[in-house]
Amino acid sequence: MYVRYLCSLALISLFSVTASAGSNYQDVSNELERELQVQLTHSPAKNIILFVGDGMGVSTVTAARILDGQNRGVDGEGNLLSFERFPFIALSKTYSADQQTPDSAPTMSAMVTGYKTNGGVFGVNDAVMRGERGWDRIQKNSVKNIFEFAEDAGMATGVVSTARITHATPGACYAHTSNRDWESDADVPKDSDVPDIARQLIEFPFGDGIDVVFGGGARAFIPKESSKYFSEGRRKDGRDLISEWLNKSPGSRFLHTKDELENLDSSSLVPTLGLFSSSHMAYSVDRGAGGDITQPSLVDMTRAAIKLLSSHSSGYVLSVEAGRIDHGHHAGNAFRALHDAIELSDAVEEAVGLVDLNETLIIVTADHSHVMTLAGYPKRGNPILGKVIHSGESAPVLAKDGLPYTTIGYMNGRGFHDLEKGGDEVYKEEIFLGRKDLTDIDSESPGFHQESLVPLDMETHGGEDVAIYAVGPMAHLFRGVKEQNYIFHVMRYALGEK
């Protein structure tokens, strides 16, 4: 028998614990009792789901946890996101072969291949540098990933993302390239014969191909001239890869609307491609119930993918990425980044309710962190997106320049004030006029961009370790501080080295 409190019914009740859990002596005592009941299992996993919060560092998890609680009118600090209730946790060292602070290409590649590689590349070892032109070099130095092993073993596979499905994190699940930006043939230099990333998805040579693909990025799959589904195509070679997907095997399906996904027949597994936007999908707050963009949510896509893949008797490997956490941070917009992190938590909770944790290993992690920080001694319960107010006070505290400041800030990025003067000639006159007066500005609004220290065109990734949360067969192998490529080796071992 697995962990008592992790069996299906007990886990459901665990997720319903009030958000104030962990806030006093008795709550923590009860938590200890639950931990003492945890037992290990060494039986293989039938299925693996790898959730990746792109850019979801520890500070993002902390802030999202608090925001989630505050959004629901409960104790934010005492709240937990769904995956924070998992019994096993480790830290992942995210540096790549040539970068202290990495990008998403080598980090996701490390997780799914077991090899650390160089910035901007994936599916290859560290002998390949970004931008190399020769396909023979790529093939000679390609490394096999967990989805390729799974397909060769007769398992089903799926890739889900709120980013373009040809973006670095989802692309690393099926492609091998020397440049993460070569998403369509229009992006590949004329003197290179490396197949573009979209083409590699359609031509995936292992098993019967990737079975389920949901995300954005249709433009890389369709001709520049016109498309039946989307107006913005980028391909110059005239190939319609959506049509090629539909023609590659009997019963293959293509979806491009939320309604089509909701009405999908998941009783049997047939190749299913869903591309719901031309580029990245919208942020969670801009679509669905609270937004004006009609697209499926990450929860919707996760649910549909699991239902489809579960119909395959030999098990499956599924990757689910919340890709736009990263984009919100790059823009210095914590509001959108944190709400997308909350959506990832909701998708994990949905997955937990759909699978048998005695046979499914669920891993939740990030590829890298960001330079967002929480600081300033705000009082308990202070809005996490708000201005800093000290305990016992009602007005925002003022900094040495006489201005209020927010709890959340960024080490670098575009959130500086008046560094440029006039037009788009950034930095030309190098005039710094100090911080913006936030007194009458609503820092909790969706459009607020937090202040930053170092002026850059775009906020950067952070280089610190990120967390790995795990539940299910072999989850106990995640503990301590691990290299990021260790995740691949656990997945292979959990599947019985398939």
Side-chain angles (χ1 to χ4, degrees), residues 44-50 52 108-109 111-115 122-124 135 138-139 141-161 165-166 169-177 195-215 221 241-255 264-275 301-302 304-321 355 359-361 363 473 487-498:
K46 179 182 179 182
N47 315 304
I48 292 179
I49 306 176
L50 174 64
V52 179
M108 185 60 173
S109 191
M111 287 188 273
V112 298
T113 70
Y115 289 85
F122 52 75
V124 293
W135 181 229
I138 306 303
Q139 291 178 302
N141 292 285
S142 287
V143 288
K144 197 169 182 179
N145 69 46
I146 191 69
F147 298 87
E148 295 166 344
F149 280 112
E151 282 289 340
D152 278 350
M155 300 178 70
T157 53
V159 181
V160 173
S161 178
I165 210 67
T166 49
T169 304
C173 298
Y174 57 82
H176 305 260
T177 186
D196 62 85
I197 296 167
R199 175 182 158 191
Q200 290 192 52
L201 173 60
I202 302 302
E203 298 176 354
F204 187 83
F206 296 87
D208 59 358
I210 303 293
D211 297 285
V212 178
V213 180
F214 295 147
F221 292 82
L241 299 185
I242 293 174
S243 295
E244 292 185 28
W245 173 280
L246 290 170
N247 293 330
K248 74 176 185 177
S249 63
S252 294
R253 297 177 289 200
F254 174 70
L255 318 172
L264 182 65
D265 178 9
S266 57
S267 59
S268 61
L269 180 61
V270 296
T272 305
L273 172 64
L275 299 175
M301 294 190 292
T302 300
I306 291 174
K307 286 184 176 180
L308 279 169
L309 295 170
S310 295
S311 65
H312 188 70
S313 60
S314 297
Y316 60 84
V317 175
L318 170 64
S319 170
V320 179
E321 183 205 20
V355 304
E359 61 180 24
T360 302
L361 170 62
I363 303 165
I487 294 172
F488 165 84
H489 295 284
V490 172
M491 291 192 293
R492 283 292 317 276
Y493 184 77
L495 291 174
E497 300 290 339
K498 289 183 179 179

Any residue meeting side-chain hydrogen bond (donor to acceptor under 3.5 Å, both in side chains) with [X], in chain and number order, not counting sequence neighbours:
{"X": "N145", "value": "none"}
{"X": "K144", "value": "D152"}
{"X": "S311", "value": "none"}
{"X": "T360", "value": "N47"}

Partners passing side chain to side chain contact (heavy atoms under 4.5 Å, CB included) against [X] (at least two apart in sequence or in another chain):
{"X": "T272", "result": "F214, R253, L255, L264, V270, L308"}
{"X": "F488", "result": "I146, F149, R492"}
{"X": "A156", "result": "D211, L269, L309, H312, Y316"}

| request: Go through the steps to decide whether E148 and H176 satisfy the test side chain to side chain donor-acceptor pair (under 3.5 Å), and finish with yes or no. | output: CA-CA 12 Å; E148 295 166 344; H176 305 260; 2.7 Å; yes
| message | If the condition is ring-ring contact (aromatic ring centres under 6.0 Å, His included), which residues does F204 pass it with, not counting sequence neighbours? | response |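 In terms of ring-ring contact (aromatic ring centres under 6.0 Å, His included), with neighbours along the sequence ignored, F204 is linked to F206.
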| field | Those residues that, when tested against Y115, pass ring-ring contact (aromatic ring centres under 6.0 Å, His included) (two or more places apart) | value |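 With sequence neighbours excluded, Y115 shows a ring-ring contact (aromatic ring centres under 6.0 Å, His included) to no residue whatsoever.
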| task | Kindly determine whether M108 and S319 satisfy side chain to side chain contact (heavy atoms under 4.5 Å, CB included), including the steps that lead there. | result | CA-CA 11 Å; M108 185 60 173; S319 170; 3.6 Å; yes
| task | Show your reasoning for whether side chain to side chain contact (heavy atoms under 4.5 Å, CB included) applies to F122 and V112. | result | CA-CA 10 Å; F122 52 75; V112 298; over 6 Å; no
| said: Quick test of your reading: applying salt bridge (Lys or Arg N to Asp or Glu O under 4.0 Å), list the pairs with at least one residue in residues 242-251, sequence neighbours left out, ordered by first then second residue. | reply: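 Checked against salt bridge (Lys or Arg N to Asp or Glu O under 4.0 Å) - neighbours excluded - the pairs reaching residues 242-251 are R239-E244.
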